[in-house]
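See structure below.
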Amino acid sequence: MGSLLASLSPQAANALYREKVRRAQTRSQRHTLAWRSEARAKQLPPAGDWFCWMILSGRGFGKTWTGANYVIERAYTEPGCVIALIGQTKADVRDTMVELGDSCILKQSPDWFMPNYEPSKRRLVWPNGSVAIIYSSDEPGQLRGPQHHYAWVDELAKFRYPDETWDMMEFGLRLGEHPRVLVTTTPRPIPLIKKLLGDSKTVPVTGSTFENEANLAPHFLDRLRVKYEGTRIGRQELYGAILDDMPGALWNRAMLETNRVTKHPDLRRIVVAVDPAVTDNEDSNETGIVVAGIDATGHGYMLDDKTLHGSPREWASQAVAQYHARKADRIVAETNNGGDMIEHTIRTVDKTVAFKQVHASRGKHTRAEPVAALYEQGKIHHVGMFGELEDQLCSWTPGMDSPDRLDALVWAFTELMLGKDSTVRTGNAPKVLVNYRGG
């Protein structure tokens, strides 16, 4: 367009430019009216003088669709603005917020205002110069320095380092007359969420999965109702409720927060603990996979949660990958359901790993209580935040079926800090009985 304008008289150039602006504005109004006319009241930006618009809702509410359209509208109405897109990991931002699914930015952008997506530079650039830059909560330092007009933060309650990420984001949210942030998240009672809800500049919106029933498959909704209606997890995941600690639970949020750290010291031992799923179908439990370590003073550190829903080959590959990545001493796996087949599955991936079978001869409460006591004594620390694992810890009470992540964690710290006679196999070596006491 620049060369064309240069070839015209000033009067003709101005007329052409004004016509292009008029047509673009008309198209923008059509897009704005389209998404706003389709949105429910809770999906529309609130009126008034706010800093944080926080949508706390169940799955399927339409959080991503709302966030994507809000970002597109900001990019168009304020040419040249800079927007931060912040998710749990870069993959989450790429897959959920930018690229995949009908609700992402690239799928919601109209053809006439489609951003140029540059994955290698972690950014989207719109025709009018507006830019969105991708960040992740597992690398909060990337937000140190850059400045933005707006931010969209997705699944804040699942962030590994929520406070550090939020602080760096807010320090850089300083461009324009009215910087703002949209948070779309499943609710969890983490301190940062509670702090933001208590801020007069936050506008909270709570919504349920079933408010978006018209856009969800009936089969999906029926399964959710049958499986989760009336449960605690249903209140959180379907209705957007922030849950308090479960009375009688061995763990509580305060216990976890008191001992949380962002870094760990040198570790004397590291293990990967696996709680394998019994079956492999869409209704199966996840396979719990956690990484934990112990330092020279005897304090334990929860390092990572790699729990997944997948085939035996998939969970075995993940466990072996963590074993090598963390330079772990061994993989510890419960073999009550599967026996030697669990070891065989892992050795199919890598026959050289050090492997230890653990067999649950005592009840889950009896196994979990000593580990919970170590938390109470301030001897176990979480390095960052592990939302789904911590939900399980704080909602499980003795007598309930213990979930996958919790079981894997108990096995990890039992191995590292409590000791238990069991079978160890290293490579193709024969079985050896050992007695570990605190490592």
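Val320 meets the side-chain contact (heavy atoms from CB on, under 4.5 Å) test with His324, Ile331, Ile346, Val349, Asp350, Val353; sequence neighbours excluded. With sequence neighbours left out, Arg94 forms a salt bridge (Lys or Arg N to Asp or Glu O under 4.0 Å) with no residue at all.
Here His264 and His381 keep their ring centres 6.0 angstrom or further from each other.
Trp35 and Trp65 have perpendicular rings, their planes meeting at more than 60° on a 0 to 90° scale where under 30° would count as parallel. Below 30°, between 30° and 60°, or above 60°: for Trp251 and Trp396 the angle between ring planes is between 30° and 60°, a tilted geometry.
A 6.0 Å sphere centred on NZ of Lys107 holds more than 12 heavy atoms belonging to other residues, nucleotides or ligands. By the 6.0 Å contact criterion, NZ on Lys379 is open, its count of non-hydrogen atoms from other residues, nucleotides or ligands being 12 or less.
A pairwise comparison of heavy atoms in Cys81 and Ala75 identifies SG-CA, 3.9 Å as the closest pair.
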Notebook entry, point to check: Is there a ring pair (Phe, Tyr, Trp, His ring centres under 6.0 Å) between Tyr135 and His148 once you walk through the steps?
Noted result: CA-CA 12 Å; Tyr135 302 97; His148 310 95; 5.3 Å; yes
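Across Thr184, Thr66, Thr64, a single residue satisfies side chain to side chain donor-acceptor pair (under 3.5 Å) together with Trp152, and that is Thr184.
Atom CG of Leu124 and atom CE of Met114 lie 10.0 Å apart (nearest 0.5 Å).
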Pairs of donor and acceptor atoms involving the side chains of residues 47-56, under 3.5 Å and at least two apart or interchain, shall be tabulated with distances.
residue : atom : partner : partner atom : Å
Asp49   : OD1  : His178  : NE2          : 3.2
Asp49   : OD2  : Lys201  : NZ           : 2.6
Trp50   : NE1  : Pro46   : O            : 2.9

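Between Asp154 and Lys63 there is no salt bridge, since no side-chain nitrogen of the basic residue lies less than 4.0 Å from a carboxylate oxygen of the acidic one.
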